[in-house]
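First up is the structure itself, then whatever we jot down about it.
The structure displayed is predicted, hence computed values, not measured ones.
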Amino acid sequence: MAKHSNPDDPSVRLLKVGERVRHILSELLARGEAHDEVLSAHNIAVTEVRMSPDLRQAKVYVKPLLGEDEKTVVKALQVNTAFFQREVAQRLGLKFAPKLRFQADETFDEASRIDQLLDDPRVRRDLDEEDGDE
């Protein structure tokens, strides 16, 4: 039986490596090993790591807890990218160390925006009317 998969779906290996990178970065940030004042002053969640198919690139999505100073935190992470890449390379043991690109995670903001839209009285009224039709 042939396996049918979408070429856009990441492989199990990509997901596993991305999750390992996420754990390593989370641990480094939690322990304050970057020696950066901005990073030490914030609790930062590494929400997701998406690996490229060749494992040479990694998009790292981060969110400072409480959403404070997001741009400043991302900038500090970008400044310290060499440190994080070196640590990830040592701990992963892959042939090539992935090049890390830090980005702010916007999914929480998008979810909040959708919640606000659904709480709008006009939308709520329309949804209530649909429930009455059934």
Side-chain angles (χ1 to χ4, degrees):
M1 180 178 232
K3 179 181 174 185
H4 299 285
S5 66
N6 185 344
D8 294 334
D9 289 341
S11 70
V12 173
R13 182 167 190 240
L14 288 179
L15 294 172
K16 283 183 179 180
V17 172
E19 192 62 15
R20 285 187 59 204
V21 171
R22 189 182 75 77
H23 280 279
I24 291 167
L25 292 172
S26 294
E27 185 178 307
L28 291 170
L29 290 168
R31 292 183 180 179
E33 293 186 29
H35 304 295
D36 184 284
E37 291 178 19
V38 174
L39 299 179
S40 298
H42 292 83
N43 290 322
I44 304 163
V46 180
T47 57
E48 184 180 5
V49 175
R50 292 185 188 163
M51 301 298 299
S52 66
D54 63 0
L55 299 176
R56 291 185 184 226
Q57 304 281 327
K59 285 185 187 175
V60 180
Y61 294 92
V62 295
K63 186 78 172 173
L65 298 184
L66 304 176
E68 296 175 346
D69 304 325
E70 191 170 84
K71 289 181 181 179
T72 307
V73 168
V74 171
K75 179 72 173 162
L77 287 166
Q78 291 169 344
V79 167
N80 290 287
T81 298
F83 165 76
F84 289 113
Q85 285 180 185
R86 186 171 52 253
E87 290 296 316
V88 166
Q90 287 175 351
R91 296 174 191 214
L92 267 185
L94 292 175
K95 186 174 181 179
F96 298 101
K99 182 173 174 16
L100 304 176
R101 290 191 347 226
F102 292 97
Q103 295 180 321
D105 188 346
E106 304 295 335
T107 56
F108 296 105
D109 298 333
E110 185 64 17
S112 176
R113 188 183 75 76
I114 290 171
D115 284 342
Q116 286 179 337
L117 287 173
L118 292 175
D119 283 341
D120 185 292
R122 294 171 294 179
V123 173
R124 188 172 296 240
R125 181 191 68 222
D126 291 345
L127 291 174
D128 289 341
E129 286 176 8
E130 284 180 12
D131 288 341
D133 290 342
E134 291 177 15

Do side-chain atoms of Asp36 reach the backbone of Leu39 as a donor and acceptor pair under 3.5 angstrom? yes

Does any N or O in the side chain of Thr47 come within less than 3.5 Å of the main-chain N or O of Tyr61, such that one atom is a donor and the other an acceptor? yes

How far does [atom1] of [X] sit from [atom2] of [Y], to the nearest 0.5 angstrom?
X	Y	atom1	atom2	result
Phe102	Ile44	CZ	CD1	9.0 Å
Gln78	Gln103	CD	CD	8.5 Å
Leu100	Gln57	CG	CD	9.5 Å
Glu33	Leu25	CD	CG	11.0 Å
Leu15	Arg50	CG	CZ	11.0 Å

Are there over 12 heavy-atom neighbours, none belonging to Gln90, within less than 6.0 Å of that residue's CD? yes

If you look at every heavy atom in [X] and [Y], which pair is closest and at what distance?
X	Y	value
Val21	Met51	CG2-SD, 4.3 Å
Leu65	Ala45	CD2-CB, 4.1 Å
Ala34	Asn80	O-OD1, 4.1 Å
Pro98	Val88	CG-CG1, 4.2 Å

Less than 4.5 Å apart, side chain to side chain, heavy atoms only: is that true for [X] and [Y]?
X	Y	answer
Lys63	Glu70	yes
Ile24	Phe84	no
Pro64	Asp69	no

Please tell me whether Leu77 and Val38 are part of a single hydrophobic cluster in this structure, the criterion being side-chain heavy atoms less than 4.5 Å apart. yes

Keeping to residues at least two apart or across chains, list the salt bridge (charged side-chain N to carboxylate O under 4.0 Å, His left out) pairs with something in residues 17-30. Glu19-Arg22, Glu27-Arg31, Glu27-Arg91

Tell me every residue that passes side-chain hydrogen bond (donor to acceptor under 3.5 Å, both in side chains) with Ser52, counting only those two or more places apart in sequence or in another chain. Asp54

Got a sec, which residues hit side-chain hydrogen bond (donor to acceptor under 3.5 Å, both in side chains) with Asn43, two or more places apart in sequence or on another chain? none

